[in-house]
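One structure is given below, encoded as structure tokens.
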Amino acid sequence: MQKQNKPLKNYILSLDADKWLFHADVLVDKAHVVMLEEQGIIKREEAVEILKCLTKIEEQEKDFIEHELTSYEDVHTAIESVLIKEIGEEIGGRMHTGRSRNDEVATCIRIALREELLELMKEVNELRRAIIEKAAENVDTVMPGYTHLQHAQPTTFAHHFLAHFDAFARDFSRVVNAYEHTNVSPLGAAAFASTGFPIDREKTAKILGFDSVLENSMDAVSTRDFVIEAISCYANLMTNLSRLAEELILWSTSEFDFVSIPAEYATGSSIMPQKRNPDYAELVRARAGTIHGCLMSVLSICKALSYSYNRDLQEVTPHLVKATKTTAASVAVMKGIVEGLELKKEEMEKKAQIGFTTATELADTIVRETDMSFRTAHKIVSSIAEKGVDKVALKELNEVARAVIGKKLSELGLTGEKVKEAMNIALNIKKRDVKGGPAKKEVLRMLRARKVDLDTDEKYLQATEERVKRSLEELEKEVGIKKK
Ligand code: ARG
């Protein structure tokens, strides 16, 4: 494999992606060589030499990436070429028996992505833990709930934050799905038609920590749907993160004044000495857009590609790397912001009174006390709300009711006491105790259930990491035995 003319060669390079794949590629090479020897396809002494040299290349990762990688077409060619340079083609040239770069690269991407997805699961769980803790401290913290960004009904900070928690819990399970579709082995598919050598695909899958073999050899090298799936998880997760970021940005303005963002996640202004700008949250919001762009890119690259391998597929990987790194970093940033978030509880509670947030409960009370239809009660309360009030008394309600239905509400059984009760913010919340509502009792139940879910998800993650780790230890053991 000769070195190529530089400017021309640069066009087909994908350096960042290849750096990202280096570690995985060495693993794939080792597993393949161990299997080739076990199947009697190469000799013991040959395997020993190749494995020794691979270990050396692995140890010189930094140097290799700096000096060797850029001289070849891609990381796979680079490693094989250096191996051959070191131990000669007679032996080194046997490593690629029964294999193609097509199954090699697909396997490498899956290994590298698998590690990133496990790391992301950890980050998402830490964010969920931070949210749950903030929520648990604020079960009694009253705030206005919004629709259309207008004051709507009172709720609590815990209820609001648990809504974000649930979105991230779904994100976690989406990442798990992506992981499970990623962690299958295409190795052995070769170019697409597999090979006539008696290779053992199950064996390489096992020692590389895959859950199973991606069976059809044509599918194995052609598909990047697992990449699309991972990036769509990221896109969804980033969208959820950006909505939380947006709320925290808004809530930290003087207009809302609900929270203050921790100092290390804010920056000053070069001209206005008083400023504390929420740049980190703003960049999370912006990078959600970047990730949506990555998703569009990979969908567009893969659409209408004929089977099996086309070089177009190489163009997918850099988007994956960028989306992966950006998403993980964004989750970590939001975790830090949530952990250090300070709440201005009095301000929140004060604002919960503004904008007639108890109007729904008032209409509900009229229905319960007078037995009129909800639509009629809505009309009565709505005529009062038009006047821009935050509160009403029975007297005003009676007047409006006379105009709307020709009768006073007190004649139908509504008392001043019940009207006052309907205006009470705390009671509004307490009454909303149906499943999923903001009532303390219900929020406490949700908190408990979510802690259990989070513990279960953490155990899943630990067990999965452990499985992969054990397989890779097995691989290193086999490499060690062969080398002896
Ligand atoms: N660098 C290539 C990629 O990422 C490796 C596979 C090359 N295969 C080929 N048939 N040219 O897709």
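First listed ligand is number 1; within each ligand, the first listed atom is number 1. Just so it is clear, the model here is predicted, and its values are computed rather than measured.
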Mind telling me whether F258 and Y146 have parallel, tilted or perpendicular rings, with 30° and 60° as the class edges? tilted
Between W251 and H160, what is the ring plane arrangement, given parallel below 30°, perpendicular above 60°, and tilted in between? perpendicular
Heavy-atom contacts with ligand 1 below 4.0 Å: which residues, ordered by chain and residue number? D74, H76, R101, N102, V105, Y309, R311, Q314
Would you say the side-chain atoms of H67 pair up with the backbone N or O of D63, donor to acceptor, closer than 3.5 Å? yes
Start with the C-alpha gap between E476 and L27, add the side-chain angles, then the distance that decides, and say whether side chain to side chain contact (heavy atoms under 4.5 Å, CB included) holds. CA-CA 9 Å; E476 290 308 327; L27 290 179; 4.0 Å; yes
Hey, can you tell me if F168 and H164 have their rings parallel, tilted or perpendicular (30° and 60° cut-offs)? parallel
Charged N-O contact under 4.0 Å between K482 and E478: yes
